[in-house]
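Just below is one structure, and these are the notes that go with it.
Excluded from the calculations below are hydrogen atoms, water molecules and symmetry mates; all remaining heavy atoms, backbone and side chain alike, are included. Residue numbers run from 1 in the order of the sequence given.
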Amino acid sequence: MPICKAHWLGQLFNHPYLAVEATAEGPVLHIRREQHALGWKELLTPPVLERGRLFRQLVLNCRQGQLVCAWLPNTKAGMLQQQLAHGWFEYHAARVVPLAERCLALLEQGYLRHSRWQQLQQWLAQEPVQWGMLTLPEELSERVRAAFELVATLQQADDHWREQCLQEHCEQALIEYKTLFDTLEEHPLTQAQRLACVTDEDHNLVLAGAGCGKTSVMAARTAFLLASHQAEPHELLLLAFGKEAAAEMRERLARRPENTGVQVSTFHALGMTIITQATGQAPVLSPLAQNEQEKQRTFARWLAQLAEDENYGIQLLAWLRQHRFQTVPAPDYARLAREWTPLVAALKVYGEPDDILPGQGEQLALVKPLLLRYQQHLRDAGYIDFDDMIEQATELVRNGRFAVPWQHILVDEFQDISRSRAELLLALRNAAPVLSLFCVGDDWQAIYRFNGADVSLTTDFSGFFGATAMTALDTTFRFNNVIERVASRFVTRNPQQLPKELSTLNRTEGPCVHVLPVADDESMDMVARLLGQIAAQRSGASVYLLSRFRFSLPDDDLLEGWRKRFAGLTLHAQTLHGAKGKEADCVIMLGLARGRYGFPPEKKQASLLDMLLPAEEDFPYAEERRLFYVGLTRAREQVFLLADRQIPSPFVKELLEGGYSGVSRWQG
C-alpha cells in the first residue's frame, strides 16, 4: 500500500505524524519510532482532506477524538484520501449491503404494514452511521452504491414517506386489478369497495353502512388476495357469527372455482377446530348449549329443586312478590328460567359486577346457585358450552399449542363481536405476526349487547387491536337519498358513532318517512289500509312489518289473511333484531309508544343483566337509537311509522319536531 509522507518542514514545527499509509485494515500513522494502526471501525466518518496554505491535512474523526495529519503534499494526499474513503465505505458495505437486502425484501412484500414499518425502523435504529450525510465514492460498485442509497433514504423516511408508499401501492393495485373489480359482481365495485380490498394493514376495519355491499367486499377481498398471489386458498379464513351467514358466504365463494379450499367458519366451529387440533381430542359440547328450549326446561327443573330448600324458597317468593308482583305460592319456574338463562350465561362469562343495588344483590343471590348447578352439570358430564369453547381455544393459542395456518382472517358483521371472541382474534394475530385481520362491520347497526356484543370494540378498534387502516364504504345500494338523510342524521345524534358520509344510487324528492298517529286498538286496521294503498300503487311490492317487541306484530292468522287479501304483495313480519340484513320496498313499523314496552323501552334503573353485560354508552338509549336506524334502513322506498296517538315514542317525536327534512305526518 502506498505511503504518503509529510513534508520535512512538519518536523520543525513538532508535527508528530511523519506519514500516513493506506492498508486493507485501515489507515496506519507513522510516528518517529513507531506506527499506530487505526482499524476502520475506529473511524466514525471517512477521512476528510482539508486545504492548508501550502500543503494539505487529513482529518480522521475517531472514537477517541479527532486526529489531524498535516504537511501532506497535494497530489499524493488526494490519492490517499480517495483510497482511504473507498476502503472505509467497503468496510461498512459488509454490514450495509445485507441490511439493505433485508429492507428491500421487506418492502417488496407489498403494503408497508405498520408492523413492517416498525421492523424497518428497528433495523435502521441499530445502524450507527447516518448515510444521507455522506458523499459516496464514485469507485463503489452499483450494487454497493444502491445499498447505501437505499439505507440513506430509509433513515430519512418518516410517516409521511410511508403514507406516500401506501398510496402508491394502492393506486398501482387498483390499476392492475381493475378488470377483476369490474367483473366480480353484477355491477362494478365502487372505488371505496376497491380501496378496502387492496388495503392490507395489520388490522383493517371496513365500515360498511346499511346496504353498502359488505358481502361483496368480503368476496372481492378474497378474490383479490388469491389473484394477487398474496395467499393460497388454505391460508384464508372467513369468519361469520351464525351458521346461516357462514352458509351464505360459502355459497357466494363457490361461484368462483379458484376459491376452492378457502375455509369459512363460525366462531364456535373455529373454537372446536383449535381445541381438537391442539389437544388431539374433540371436546364434547353440552346438549343444553345446542338446544335453548331444553336448556330452559332444565333450568326450570333445577329452580324447582332449589326451591325445595326452605331458605332458598322463602327468598325466591319474597323476591317475586316484590319485583314481579307474584303472590301465588307456586312460582312460574318456566317463565323464571326464560328470564334468568341470559343472567346465568352473563354471570358465567363476566363474573359478578362490582357495584350493584340491594334489589340486584337479592336477585344475584338467587341466580348464583343456578349457575353453580349448570357448572356442576358441565363438569360431571365432561361437557363444555360455547363460551368455554372460545375461552379454551384462546388459551391454547396464547400458550403456543396451536399453529396458526392462516395469513388472512376476514370477519363479517364485526360490530356484533363480544370481547371473548375479540380476544381469540387477538391471540391468533399475536401468534402469527404475518397474519392480517380484515373486519367488516357497521357501528351504526350494533344492536346485540344483550348477547354480549361490545360496540366499543368497533368504535375503538385500534385501541384494542393496534395499528389500523379504516375504510368507509360510502355508497348504499338499498335506500334512497331521503331515507339516508333522515336515518344518518338520527343515528349520529350520538357523537360516539363513527362518522361516515353515505351517498345513494337512488334519488327522489319529497318525504319518504311518514308518521301515522294511531290509537293502540287501531294499529292493525291502519296496517290493512296501508297495505291496500301500497298494493294499489305498486303491484308486486315487498313490505316488512317490524316492531321492537313481537307482541306488537300481527299474529300468524291475521298475517296469512293479509297475504291472501293482498296477493300481489310480498309480506313479512319480524322483530327489528331479526330483520337485520333484510330489506323490502316498504317498511311499516309498529309499537312506537312510550313506556316500559315502548320504543325505546323505558327503565327506572339498570337491571342485573345490564350490570353484567358490557358497559352501556353514556348517550341515552344509544343502542335503541341504532335499532331504530336499522328499522328505517330496511326500506328501499318508503317507511311508515305507526306512532301511538296518546304516548308516542320519543324517537318519533324527535323526527317530527327536530326539523328532519324528508319526514311527514301522514294524512292517509
Side-chain angles (χ1 to χ4, degrees), residues 187 210-211 475-490 502-548 552-576 578-592 599 628-645 648-649 651-652 655-656 660-668:
H187 301 287
T475 302
T476 178
F477 301 92
R478 180 183 300 156
F479 41 85
N480 57 47
N481 57 307
V482 177
I483 294 177
E484 184 281 324
R485 185 168 63 241
V486 173
S488 295
R489 179 184 169 189
F490 180 83
L502 286 183
S503 61
T504 64
L505 293 182
N506 302 319
R507 302 191 66 81
T508 188
E509 300 294 334
C512 292
V513 178
H514 313 286
V515 177
L516 293 76
V518 296
D520 183 56
D521 58 354
E522 297 175 351
S523 294
M524 297 307 157
D525 291 337
M526 180 59 75
V527 172
R529 286 179 55 195
L530 283 174
L531 293 176
Q533 292 183 25
I534 295 170
Q537 294 171 5
R538 181 176 170 183
S539 177
S542 56
V543 181
Y544 241 121
L545 307 179
L546 301 176
S547 71
R548 175 64 176 82
S552 298
L553 294 171
D555 59 35
D556 293 341
D557 292 339
L558 183 55
L559 187 62
E560 190 59 34
W562 284 341
R563 285 175 176 151
K564 294 177 180 177
R565 180 178 171 187
F566 307 107
L569 299 179
T570 301
L571 186 59
H572 295 284
Q574 207 160 15
T575 63
L576 284 160
K580 188 172 173 295
K582 309 294 178 56
E583 60 184 67
D585 296 321
C586 300
V587 161
I588 301 175
M589 208 181 303
L590 303 104
L592 298 176
F599 194 5
F628 193 79
Y629 169 84
V630 168
L632 294 174
T633 55
R634 297 313 92 192
R636 288 190 284 265
E637 299 174 3
Q638 302 287 329
V639 180
F640 301 94
L641 306 175
L642 273 59
D644 191 292
R645 182 177 288 119
S649 161
F651 290 163
V652 173
L655 293 182
L656 288 175
Y660 279 78
S661 174
V663 176
S664 75
R665 185 183 292 269
W666 184 254
Q667 301 301 321

Q. Got Tyr660 and Arg485 here, is their nearest side-chain heavy-atom distance under 4.5 Å?
A. no
Q | Side-chain donor/acceptor of Thr476 to backbone N/O of Ala210, under 3.5 Å | A | yes
Q. Side chains of Leu592 and Leu642: closer than 4.5 Å at any heavy-atom pair?
A. no
Q: Mind running side chain to side chain contact (heavy atoms under 4.5 Å, CB included) on Asp585 and Val543 for me, showing each step along the way?
A: CA-CA 6 Å; Asp585 296 321; Val543 181; over 6 Å; no
**Q.** Contact check, side chains of Val482 and Val513, non-hydrogen atoms, under 4.5 Å
**A.** no
Q) Given side chains that start at C-beta, do those of Thr475 and Leu505 come closer than 4.5 Å, heavy atoms only? A) yes
Q. Tell me, which pairs form a ring pair (Phe, Tyr, Trp, His ring centres under 6.0 Å) where one or both residues lie in residues 507-527, sequence neighbours left out?
A. His514-Phe640, His514-Trp666
Q: Locate the shortest heavy-atom distance separating Trp562 from Ala528; write the atom from each residue and the value.
A: NE1-CB, 3.8 Å
Q. Looking at CZ of Arg529 and CG of Leu516, how far apart are the two atoms once the value is rounded to the nearest 0.5 Å?
A. 8.0 Å
Q) Should Asn481 and Asn506 count as side-chain neighbours, where that means a heavy-atom distance under 4.5 Å? A) no
Q: Considering non-hydrogen atoms only, spot the tightest contact between Gln638 and Pro511 and give its length.
A: OE1-O, 4.0 Å
Q | Thr570 backbone acceptor or donor facing Ser542 side chain under 3.5 Å | A | no
**Q.** Stepwise side chain to side chain contact (heavy atoms under 4.5 Å, CB included) check, Leu571 with Leu559
**A.** CA-CA 8 Å; Leu571 186 59; Leu559 187 62; 3.8 Å; yes
Q) Taking the side chain as C-beta and beyond, is there a heavy-atom pair between Met589 and Ser547 under 4.5 Å? A) no
**Q.** Met524 side chain reached by Leu590 side chain, heavy atoms, under 4.5 Å
**A.** yes
Q: Identify the two heavy atoms, one from Cys512 and one from Asn480, that lie closest to each other, and give their separation to 0.1 Å.
A: SG-ND2, 3.6 Å
(Q) Tell me which pairs pass salt bridge (Lys or Arg N to Asp or Glu O under 4.0 Å) where either residue lies in residues 514-524, with sequence neighbours left out. (A) Glu522-Arg645
Q) How far does CD1 of Ile534 sit from OG of Ser539, to the nearest 0.5 angstrom? A) 12.5 Å
Q) Any side-chain heavy atom of Val587 within less than 4.5 Å of one from Leu545? A) no
**Q.** From CG (Leu632) to OG (Ser488), nearest 0.5 Å
**A.** 10.0 Å
Q) Which distance, rounded to the nearest 0.5 Å, do you find between the CG of Leu546 and the CG of Leu553? A) 7.5 Å
Q. Do you see a donor-acceptor pair shorter than 3.5 Å between the side chains of Arg548 and Ser649?
A. no
(Q) Using every non-hydrogen atom in the two residues, find where Ala643 and Val652 come nearest and quote the distance to one decimal. (A) CB-CG1, 3.8 Å
Q. In Å, rounded to the nearest 0.5 Å, how long is the span from CG of Asp555 to CD of Glu560?
A. 11.0 Å
Q. What pairs with Arg565 under salt bridge (Lys or Arg N to Asp or Glu O under 4.0 Å), at least two apart in sequence or on another chain?
A. none
Q) From Thr504 OG1 over to Arg636 CZ, what is the distance, rounded to the nearest 0.5 angstrom? A) 14.5 Å
Q: Go through the structure and list residues passing ring pair (Phe, Tyr, Trp, His ring centres under 6.0 Å) with His572, not counting sequence neighbours.
A: Tyr544
**Q.** Contacts of type ring pair (Phe, Tyr, Trp, His ring centres under 6.0 Å), residue Phe490, not counting sequence neighbours
**A.** Phe628, Phe651
Q.
Which heavy atom of Leu656 sits nearest to which heavy atom of Val663, and what is that distance?
A. CD2-CG1, 4.2 Å
Q) Closest heavy-atom contact between Val486 and Ser661? A) CG2-O, 3.3 Å
Q: Mind checking salt bridge (Lys or Arg N to Asp or Glu O under 4.0 Å) for Arg478 and listing every partner two or more places apart, or none if nothing turns up?
A: Glu583
Q.
As a quick check of understanding, evaluate side chain to side chain contact (heavy atoms under 4.5 Å, CB included) for Val518 and Asp525, giving each step before the final call.
A. CA-CA 10 Å; Val518 296; Asp525 291 337; over 6 Å; no
